[in-house]
Amino acid sequence: MTLPLAPHSADALLFDLGRVVIDFDIERTVAAWAERAGCKPADMLARFVRDETFWRYETGLISDEEFFSLLRKSLGVTLSDAELLAGWNATFIGEMPGIAPLLTRAAARLPLYAFSNTNTAHVAHFSQHYAEVLSHFREIFLSSTIKLRKPHADAYQHVISAIGVPAERIVFFDDLKENIEGARACGLQAVHVTSPTSVAEALKALGL
């Protein structure tokens, strides 16, 4: 059973990045690729599969160049690495509405951390374009760096150990149900971010 959030029940806050701090839409990526390849976005989307290649890329086991080479084959296109990269980064929309002031407020009271399943190309992009909002975090744990992904237990255990406080004193925010379930199984308090108000409501419940 997950206990309700309460004031003074947390010593650290841990945030996913995608659709919690930074908004993105994969359809923007496939649309960009489709335009360059001269095909329909729906056809491109049908070819884009999150398979073993994708997971290996997110855990830093293959390079950008290796990923794009494999991607080119699976998509059936002749786009260059530069064209694939441009489309890959087109996924980003901007900061989630209202998240920056919430992080500012929370960081005045508790240490903030982030944990994202991501890849080296996206890291290079968002580290530059969203540096200000990301500056609220004391440390950002990246699957491509630690070579572990949510929702696997070893990924959460790595992050919990690095933060250095008991799991039950960490509140984790994520937009994916499977990641929330994985976090709770490891003892974290977890907030399923399902609307623009989810983070604000949780912080209020925590007395922040």
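Excluded from the calculations below are hydrogen atoms, water molecules and symmetry mates; all remaining heavy atoms, backbone and side chain alike, are included. Quick note: residue numbers are just sequence positions, from 1.
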Does some side-chain heavy atom of [Y] sit less than 4.5 Å from a side-chain heavy atom of [X]?
X: Ile26; Y: Arg50; result: yes
X: Asp16; Y: Phe173; result: no
X: Arg19; Y: Leu176; result: no
X: Arg47; Y: Val30; result: no
X: Ile93; Y: Arg28; result: yes
X: Tyr130; Y: Phe92; result: yes
X: Val159; Y: Tyr113; result: no
X: Lys177; Y: Ile180; result: no

Item to check | Criterion side chain to side chain contact (heavy atoms under 4.5 Å, CB included) on Ile170 and Tyr156, from CA distance to verdict | outcome: CA-CA 11 Å; Ile170 301 171; Tyr156 294 109; over 6 Å; no
Please name the pair of heavy atoms, one in [X] and one in [Y], separated by the smallest distance, quoted to 0.1 Å.
X: Asp175; Y: His192; result: O-NE2, 3.1 Å
X: Arg72; Y: Ser80; result: NH1-C, 3.6 Å
X: Leu134; Y: Ser127; result: CD1-CA, 4.2 Å
X: Ala106; Y: Leu112; result: CB-CD2, 4.0 Å
X: Glu168; Y: Gln189; result: O-NE2, 2.9 Å
X: Ala121; Y: Tyr57; result: CB-OH, 3.3 Å

Inter-residue atom distance [X].[atom1] - [Y].[atom2], 0.5 Å rounding:
X: Ile140; Y: Leu17; atom1: CD1; atom2: CG; value: 6.0 Å
X: Phe15; Y: Ile22; atom1: CZ; atom2: CD1; value: 13.0 Å
X: Arg169; Y: His8; atom1: CZ; atom2: NE2; value: 9.5 Å
X: Leu13; Y: Leu102; atom1: CG; atom2: CG; value: 11.0 Å
X: His158; Y: Leu148; atom1: NE2; atom2: CG; value: 6.5 Å
X: Gln157; Y: Asp154; atom1: CD; atom2: CG; value: 8.5 Å

Short question: side chain of [X], backbone of [Y] - any donor-acceptor pair under 3.5 Å?
X: His129; Y: His125; result: yes
X: Trp33; Y: Leu84; result: yes
X: Arg105; Y: Leu208; result: yes
X: Ser69; Y: Glu65; result: no
X: Thr29; Y: Gly87; result: yes
X: Ser143; Y: Glu58; result: yes
X: Ser74; Y: Leu71; result: yes
X: Glu181; Y: Glu178; result: no
X: Ser198; Y: Thr194; result: yes

Is it the case that one hydrophobic cluster holds both [X] and [Y], taking links as side-chain heavy atoms less than 4.5 Å apart, direct or via other members?
X: Trp55; Y: Phe141; result: no
X: Val20; Y: Leu5; result: yes
X: Leu79; Y: Phe54; result: yes
X: Leu70; Y: Leu45; result: yes
X: Phe24; Y: Phe48; result: no

Next on the checklist: Would Leu14 and Val171 count as a side chain to side chain contact (heavy atoms under 4.5 Å, CB included) here? Give the steps.
Outcome noted: CA-CA 6 Å; Leu14 178 64; Val171 178; over 6 Å; no
Next on the checklist: Which label fits His122 and Trp88: parallel for a plane angle under 30°, tilted from 30 to 60°, or perpendicular past 60°?
Outcome noted: parallel
Next on the checklist: Is it the case that atom CD in Glu35 sees more than 12 heavy atoms from other parts of the structure closer than 6.0 Å?
Outcome noted: no
Next on the checklist: Around atom NZ of Lys40, are there more than 12 heavy atoms from other residues, nucleotides or ligands closer than 6.0 Å?
Outcome noted: no
Does either side chain, that of [X] or that of [Y], offer a donor lying less than 3.5 Å from an acceptor on the other one?
X: Thr118; Y: Ser116; answer: no
X: His136; Y: Thr104; answer: yes
X: Asp64; Y: Thr120; answer: yes

Next on the checklist: Please evaluate residues Val77 and Met44 with respect to the criterion side chain to side chain contact (heavy atoms under 4.5 Å, CB included), reporting the C-alpha separation (whole Å), side-chain torsions for both, the decisive distance (0.1 Å), and the verdict.
Outcome noted: CA-CA 10 Å; Val77 298; Met44 187 67 71; 3.8 Å; yes
Checklist entry - Between Phe115 and Lys150, is there a cation-pi geometry (under 6.0 Å to ring centre, at most 45° from the normal)? => result yes
Next on the checklist: For a side chain to side chain contact (heavy atoms under 4.5 Å, CB included) check, start with the C-alpha distance between Thr59 and Ser144, then their side-chain angles and the critical distance, and finish with the verdict.
Outcome noted: CA-CA 4 Å; Thr59 50; Ser144 54; over 6 Å; no
